[in-house]
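See below for the structure under consideration.
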Amino acid sequence: MPQPAAPPASTVLATVVDTPIGPLSLLARDGRLIAGGFTADPAEMHVRLDRELRTLPLETAGPGDLPWLVKPVAGYFDGDLQALDPIPVYQPGAPSRQRLWAALRAVPPGCTVTYTQLAAQAGCPRAPRAAGAACALNLIAPVVPCHRALRMDGSLGGYYYGLDRKTWLLRHEGAQDG
């Protein structure tokens, strides 16, 4: 019996949008955001993807090709702080990491959480280091808002794209700690 033809290979679509804090590369697949990062080179994000996604070819798309993504991102930077909330995202990870990323998305703009609070909100109260690791491994900035997570003492901690950007994002959202 002949084998059915394999479906065509999926691609990762990439576009770059200008923001007040520099270019933001956005990578999408199948109608979901799979990476977002403050770089003008989408390939920098592509090489950081999970192996399952990294093997897919990267194709440049214009902002008009991804309006479901580009318009809310522009809205966020224009002051609509909830504009990022409905963007569908996908990043592979263990169930505990998925819960931590979901808990991050539940932190409203203008609010911050400590890694300890984030761990508790994700149902793993004894894992603040896992919360920090989930933030460090998050590839969907600022839609999965790891910039809202702070150290126990309220200090900024780290941010892959620099503390200046983390501070800007928190101030943009009106966070007290920003």
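No hydrogens, no waters, no symmetry mates; every other heavy atom, side chains included, goes into these values.
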Sidechain-backbone polar pair: R165 side chain, Y161 backbone, donor-acceptor under 3.5 Å:
yes
For residues A35 and M45, report the shortest heavy-atom separation together with the two atoms involved.
CB-CE, 4.0 Å
R99 (side chain) donor-acceptor with A122 (main chain) under 3.5 angstrom:
yes
Rounded to the nearest 0.5 Å, what's the gap from SG on C146 to CZ on R105? Could you check?
12.0 Å
Check whether more than 12 heavy atoms from other residues, nucleotides or ligands sit under 6.0 Å from atom OH of Y90, and answer yes or no.
yes
Between V16 and W68, is there shared hydrophobic-cluster membership here, with clusters defined by ILVMFWY side-chain heavy atoms closer than 4.5 Å?
no
Interatomic distance, Y159 atom OH to N138 atom CG [nearest 0.5 angstrom]
8.0 Å
Would you sort out whether E44 and S25 count as a side chain to side chain contact (heavy atoms under 4.5 Å, CB included), showing the intermediate values?
CA-CA 9 Å; E44 288 180 25; S25 287; over 6 Å; no
Donor-acceptor under 3.5 Å (T11 side chain, P57 main chain):
no
Do the side chains of L169 and F77 get nearer than 4.5 Å, heavy atoms only?
yes
Can a donor-acceptor pair be found between the side chains of D41 and T39 at a distance below 3.5 Å?
no
Write down the atom of L84, the atom of P72, and the distance for their closest heavy-atom approach.
CD2-O, 3.9 Å
Hey, what do you get for CD1 (I21) to OG1 (T167), rounding to the nearest 0.5 Å?
10.0 Å
Hydrophobic cluster membership, with links at side-chain heavy-atom distances under 4.5 Å among I/L/V/M/F/W/Y: are I140 and Y160 in one?
yes
Neighbour count >12 (heavy atoms, 6.0 Å) for atom CZ, R151:
no
Measure from the side-chain N and O atoms of K71 to the backbone N and O of A83, and report whether any donor-acceptor pair falls under 3.5 Å.
no
Test item: P42 and V12 side chains (from C-beta on) under 4.5 Å apart, heavy atoms:
no
Looking only at heavy atoms, which two atoms of C135 and Y115 are closest? And how far apart?
SG-CE2, 3.8 Å
Compare every heavy atom of P109 with every heavy atom of E173, then report the nearest pair and how far apart it is.
OE1-CA, 3.8 Å
D65 versus L13: any side-chain heavy-atom pair under 4.5 Å?
no
Tested for side-chain contact (heavy atoms from CB on, under 4.5 Å) against P92, the lone hit among L53, I34, L49 is L53
Where the side chain of Q98 meets the backbone of Q91, is there a donor-acceptor pair that is under 3.5 Å apart?
yes
In one Ile/Leu/Val/Met/Phe/Trp/Tyr side-chain cluster, 4.5 Å: L26, L56
yes
If you take all heavy atoms of A175 and T112, which pair is closest and at what distance?
CB-CG2, 4.1 Å
Quick check on the hydrophobic clustering: are L33 and L58 connected, directly or via other members, by side-chain heavy-atom contacts under 4.5 Å?
yes
Give the minimum heavy-atom separation between G157 and L163, together with the two atoms involved.
O-CD2, 3.0 Å
Contact check, side chains of C124 and L100, non-hydrogen atoms, under 4.5 Å:
yes
Derivation and outcome, side chain to side chain contact (heavy atoms under 4.5 Å, CB included), residues I87 and V73:
CA-CA 9 Å; I87 294 174; V73 168; 4.2 Å; yes
Could you tell me if the ring centre of Y76 sits under 6.0 Å from that of H172?
yes
Side chain to side chain contact (heavy atoms under 4.5 Å, CB included) between L150 and K166: does it pass, once the steps are laid out?
CA-CA 10 Å; L150 306 175; K166 183 172 185 167; 4.1 Å; yes
With side chains defined as the heavy atoms from C-beta onward, is the minimum distance between L69 and V17 less than 4.5 Å?
no
Ignoring hydrogens and angles, tell me if any N or O in the side chain of R148 forms a donor-acceptor pair with the backbone of V107 under 3.5 Å.
yes
For the residue pair L170 and L156, establish whether any side-chain heavy-atom pair is separated by less than 4.5 Å.
yes
Single-linkage hydrophobic cluster, 4.5 Å side-chain cutoff, V89 and L137 together
no
OG1 of T116 to CE of M152, rounded to nearest 0.5 Å, is 4.5 Å
